[in-house]
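All values derive from a computational prediction rather than experimental measurement. Proteins get letters first, then strands, A, B, ... in listed order; numbering begins at 1 in each.
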Protein chains: 2
Amino acid sequence: MLYSYYLETYIMKKIPNIYNANCPTRLILDRIADKWTVLIIGQLSSGTLRFNELKRSVPGITQKMLTQTLKGLERDGIIVRKIYATVPPKVEYTLTKLGKSLIRVVEAIRTWAETNVKDILQSQAKYDSKF
Amino acid sequence: MLYSYYLETYIMKKIPNIYNANCPTRLILDRIADKWTVLIIGQLSSGTLRFNELKRSVPGITQKMLTQTLKGLERDGIIVRKIYATVPPKVEYTLTKLGKSLIRVVEAIRTWAETNVKDILQSQAKYDSKF
DNA sequence: CCGCATCCTATGAGATACTG
DNA sequence: CAGTATCTCATAGGATGCGG
């Protein structure tokens, strides 16, 4: 079941189906579109961080959302979680190779966004002024 | 107010602040991460379509979400809306130049997603099997 | 044909309090 | 320190019915 999309498209040689909720593009969009994911990856891009270091470096994030997002990222293989059985406990989060390659994707989006933000904001202002 | 981010970063020469909700990257992520936006842009990439043509070509979309998404895209200057004062009414939607350039961004995401989906799904399966 | 208005529900996400 | 658990509220999104 987990592999249904993969089976469909890669093994059975069908074309990717963007309308499928398991479509890779949708999978990635849903992940990076998350409110906090990009911020967390941004912080980890400079190196390993502990839980509370991350919490402090991402302004406004709650413990719940940090935990939740980190779990999802670990599940996707984008970060690794290393636990030290010390007192007090210590947990480190590091980007994997996969996670590091994701930085470039976000950069591409940022480049497009920054070159076009002026047009978009102007279009929005023009649209809104009609009402 | 609408231009606050733009003023801050481009006119006042400050660096982009990804933590600001008006940050261009966040603006674009929020737009393309929308459940339907990518699908609609995908359909329009092959040419102009009418409202009900779009509705039929995007399986599962409701009238509400189609209207809502199209409005947002028009507001952002990504599509243009042309109304024909006929009976029955006819409304056509077409990608703007800006909208067409967005296709390439989505393609970049798709490329990354498709090259890495296998690893991600395997990581997820491995993670889930632990519990 | 192309919507808008309304109601309803599920999920997302913040605040708060508690534990190994 | 690094979480979990629960409560609550806001929003997104689906279903349905009406209107120009």
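The separation between A/K90 atom NZ and D/dG3 atom C1' is 17 Å, rounded to whole Å. We find that CG of A/L39 is positioned 12 Å from P of C/dA13, with the value rounded to whole Å. Atom CG of B/L70 is separated from atom C1' of C/dC4 by 14 Å (rounded to the nearest Å). Computed from coordinates, the B/E92 CD to C/dC2 P distance equals 10 Å when rounded to whole Å. Distance CD1 (A/I79) to C1' (D/dA2): 14 Å, rounded to an integer number of Å. We find that CD1 of A/I83 is positioned 13 Å from C1' of C/dG20, with the value rounded to whole Å. One can place NZ of B/K71 at 15 Å from P of C/dC2, the figure rounded to the nearest angstrom. Distance, A/I40 CD1 to D/dA2 P: 14 Å, rounded to whole Å.
Residue A/Y93 places at least one side-chain N or O closer than 4.0 Å to OP1 or OP2 of D/dG3.
Between A/E107 and A/R104, none of the side-chain N atoms (NZ, or NE/NH1/NH2) sits under 4.0 Å from a carboxylate O, so this pair counts as no salt bridge.
Linking Ile, Leu, Val, Met, Phe, Trp and Tyr whenever their side-chain heavy atoms come within less than 4.5 Å puts A/Y93 and A/I83 in one cluster.
B/L98 approaches B/D76 most closely through the heavy-atom pair CD2-O, 3.6 Å. Closest heavy-atom contact between A/T48 and A/T94: OG1-OG1, 2.8 Å.
Within the nucleic acid shown, A/Y84 has no heavy atom closer than 4.0 Å to any nucleic acid atom.
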Is there a side-chain contact (heavy atoms from CB on, under 4.5 Å) between B/Q43 and B/V38? Walk through the geometry before answering.
CA-CA 9 Å; B/Q43 287 304 316; B/V38 170; over 6 Å; no
Is there a side-chain contact (heavy atoms from CB on, under 4.5 Å) between B/V58 and B/L66 once you walk through the steps?
CA-CA 9 Å; B/V58 179; B/L66 182 54; 5.8 Å; no
With side-chain contact (heavy atoms from CB on, under 4.5 Å) as the criterion, how do B/F51 and B/T67 come out once you've worked through the C-alpha distance, each side chain's angles and the decisive distance to 0.1 Å?
CA-CA 9 Å; B/F51 186 84; B/T67 304; 3.6 Å; yes
The test is side-chain contact (heavy atoms from CB on, under 4.5 Å); show your working for A/I61 and A/L54 and say whether it passes.
CA-CA 9 Å; A/I61 196 167; A/L54 264 173; over 6 Å; no
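Rounded to 10 degrees, the angle between the two end axes of the helix from C/dC1-D/dG20 to C/dG20-D/dC1 is 50°, with five pairs used at each end.
Going from atom CD1 of B/I103 over to atom CZ of B/R110 covers 10.5 Å, rounded to the nearest 0.5 Å. To the nearest 0.5 Å, atom CE of residue B/M65 and atom CD1 of residue B/I40 are 8.5 Å apart.
A donor-acceptor contact shorter than 3.5 Å is absent between the side chain of B/T69 and the backbone of B/W36.
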List, with names and distances, any nitrogen or oxygen atoms from the protein found under 3.5 Å away from nitrogen or oxygen atoms belonging to nucleotides 11-15 of chain D.
residue : atom : partner : partner atom : Å
D/dG13  : N7   : B/K64   : NZ           : 3.1
D/dG14  : OP1  : B/K35   : NZ           : 2.9
D/dG14  : N7   : B/K64   : NZ           : 3.4
D/dG14  : O6   : B/K64   : NZ           : 2.4

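Only B/R50, B/F51, B/N52, listed by number, bring a heavy atom of residues 47-55 of chain B to less than 4.0 angstrom from any atom of DNA chain C.
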